[in-house]
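What you see is a predicted model; the values in this text were computed from it and never measured. No hydrogens, no waters, no symmetry mates; every other heavy atom, side chains included, goes into these values.
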Amino acid sequence: MKKRVIIMPKEGILDPQGRALKDVLNEAGFNIKDVRIGKIVEIEADSLENLQKMIEDYIINPLIEDYEVL
């Protein structure tokens, strides 16, 4: 069994990488309103019955990150 977890900074949390990329793209002539940079964690195991606990206890920082399991 394999699952992907998309992790993004919460709304209102400063995203300096996203801000820097937005600035670069706008300087290059693109009209970008916002860029947010997150990460994808791919987990493969025989069983993922405790996936939510694993994610919330070990993979994300719940104070600053949201996640979605695909």
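Taking every heavy atom of both residues into account, Ile59 and Val41 meet most closely at CG2-CG2, 4.1 Å. Contact detail for Leu51 and Lys3: the closest heavy-atom pair is CD2-CG, 3.9 Å. Nearest heavy-atom pair, Pro9 versus Arg36, reported as atom, atom and distance to 0.1 Å: O-NH2, 3.2 Å.
In the hydrophobic clustering of this structure, Ile7 groups with Leu48; members are Ile, Leu, Val, Met, Phe, Trp, Tyr whose side-chain heavy atoms approach within less than 4.5 Å, directly or through other members.
Counting heavy atoms of neighbouring residues, nucleotides and ligands inside a 6.0 Å radius, atom CD of Glu56 exceeds 12 of them.
Distance check, rounded to the nearest 0.5 Å: CD1 of Ile6 to CD of Glu42 gives 11.5 Å. Here the CG atom belonging to Leu21 is positioned 8.0 Å from the CD1 atom belonging to Ile32, to the nearest 0.5 angstrom. Note that CG of Asp57 is 9.5 Å distant from CD of Gln52, once rounded to the nearest 0.5 Å.
Between Arg19 and Asp23 a salt bridge is recorded (basic side-chain N to carboxylate O distance below 4.0 Å).
Using a 4.5 Å heavy-atom cutoff, the side chains of Ile40 and Leu70 are not in contact. Two residues are said to be in side-chain contact when any heavy atoms from C-beta on lie closer than 4.5 Å; Asp15 and Met8 fail this criterion.
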query = Step by step, would you call Lys10 with Asp66 a side-chain contact (heavy atoms from CB on, under 4.5 Å)?
reply = CA-CA 6 Å; Lys10 287 185 174 184; Asp66 285 326; 3.2 Å; yes

Margin query: Does Glu65 form a side-chain contact (heavy atoms from CB on, under 4.5 Å) with Lys39? I'd like the steps, not just the answer.
Written below: CA-CA 10 Å; Glu65 296 173 320; Lys39 56 191 167 190; 3.5 Å; yes

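For the side chain to side chain contact (heavy atoms under 4.5 Å, CB included) with Ile43, the lone residue among Met54, Lys2, Met1 that qualifies is Met54.
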